[in-house]
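I'd like to ask you about the structure that follows.
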Amino acid sequence: MIRDIRMLGDSVLREKAQPVPEITEELRALLPDMYDTMYAAEGVGLAAPQIGLGIRVIVIDPHDEVTAPFALFNPEVVATGSETEKSEEGCLSIPGIRELVERPTTCVVEALDPAGEPVHIEAEGFLARILQHEVDHLNGVLFLDHLSPIKRRMAIARWKKERAK
Ligand code: ZN
């Protein structure tokens, strides 16, 4: 079932999401909805707060040739590389706005998979970017927060203008 995506300005996007103490059937049952919602919006990742749930769950599909779609519970970025790169980024909660965001090109993420098994992911490039973006969501952080104050103000103004149409 496709859920409503919460938009910029919704307070749930600014709250720190809570870790999942245990991966229950109920939580696993949420994943098909998260995938449906991500694919319907043509996204490459979705975090639970984006559908109004303050829990640490993300789904990701980078649409490359080797990475199967996957879901993570309680993901944390435990390390990032020293090299950074600017690349265009958007967000399903801020549709229509894309900006160059500087991020580390590599990162290490630790999490639990839907079976409750620990996973350790060493990611680079686009996947590393998506992981950082989605874990940011769980900490109440949006990609706009990585922009300079002036660029952020301009992006928000443009978004408001788009929404008012
Ligand atoms: Zn986003």
Side-chain angles (χ1 to χ4, degrees), residues 1-20 27 30-64 67-78 80 84-111 114 119 121 123-149 151-163:
M1 188 183 75
I2 297 167
R3 308 272 189 118
D4 282 338
I5 296 180
R6 302 300 181 93
M7 295 295 152
L8 179 65
D10 192 313
S11 62
V12 72
L13 295 175
R14 289 310 195 173
E15 288 158 15
K16 197 170 161 71
Q18 294 304 306
V20 171
L27 280 173
L30 180 66
L31 299 178
D33 283 7
M34 289 184 69
Y35 284 118
D36 286 351
T37 305
M38 174 177 75
Y39 290 129
E42 297 181 358
V44 292
L46 185 79
Q50 292 182 278
I51 56 167
L53 302 171
I55 51 174
R56 301 183 84 83
V57 187
I58 62 176
V59 294
I60 287 181
D61 184 353
H63 296 290
D64 64 26
T67 314
F70 62 99
L72 298 177
F73 291 84
N74 301 345
E76 297 293 345
V77 176
V78 296
T80 52
T84 65
E85 178 178 62
K86 276 190 180 175
S87 187
E88 209 174 65
E89 225 170 279
C91 180
L92 298 181
S93 295
I94 319 170
I97 301 300
R98 298 189 66 83
E99 296 287 339
L100 285 175
V101 178
E102 184 166 16
R103 291 192 191 266
T105 55
T106 60
C107 70
V108 179
V109 170
E110 288 184 348
V119 286
I121 301 170
E124 60 178 9
F126 189 46
L127 182 58
R129 180 169 292 272
I130 304 171
L131 281 163
Q132 291 173 67
H133 179 116
E134 299 309 330
V135 174
D136 269 358
H137 272 301
L138 304 181
N139 295 322
V141 174
L142 299 172
F143 82 92
L144 298 178
D145 303 336
H146 294 282
L147 304 177
S148 67
K151 284 200 171 151
R152 182 163 61 241
R153 275 200 302 276
M154 285 168 69
I156 290 171
R158 216 164 60 243
W159 189 77
K160 284 182 176 165
K161 208 172 145 190
E162 283 294 314
R163 300 286 289 170

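For ligands, and for the atoms within them, numbers begin at 1 and follow the listed sequence.
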Just checking, is any N or O donor in the side chain of Glu89 or His133 under 3.5 Å from an acceptor N or O on the other one?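 Checked: Glu89/His133 side chains pair up, N/O donor to acceptor below 3.5 Å.
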side-chain hydrogen bond (donor to acceptor under 3.5 Å, both in side chains) assessment of Tyr35 paired with Asp61: CA-CA 9 Å; Tyr35 284 118; Asp61 184 353; over 6 Å; no
Who passes side-chain hydrogen bond (donor to acceptor under 3.5 Å, both in side chains) against Thr80, sequence neighbours left out?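 Partners of Thr80 under the side-chain hydrogen bond (donor to acceptor under 3.5 Å, both in side chains) test: none.
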Keeping waters out of it, list the protein N, O or S atoms under 2.8 Å from the Zn ion (ligand 1).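 Within the sphere that stays under 2.8 Å of the Zn ion (ligand 1), the protein atoms of type N, O or S are Cys91 SG, His133 NE2, His137 NE2.
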CD (Glu88) with more than 12 external heavy atoms under 6.0 Å: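 Yes, because the 6.0 Å sphere around CD of Glu88 holds more than 12 heavy atoms from other groups.
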Kindly indicate whether the side chain of Leu131, heavy atoms from C-beta on, has any atom under 4.5 Å from the side chain of Ile121.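 Contact flag for Leu131/Ile121 side chains = yes.
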State, with a plain yes or no, whether a side-chain heavy atom of Thr84 is found less than 4.5 Å away from one of Thr105.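 Result no, sub-4.5 Å side-chain heavy-atom pair not found.
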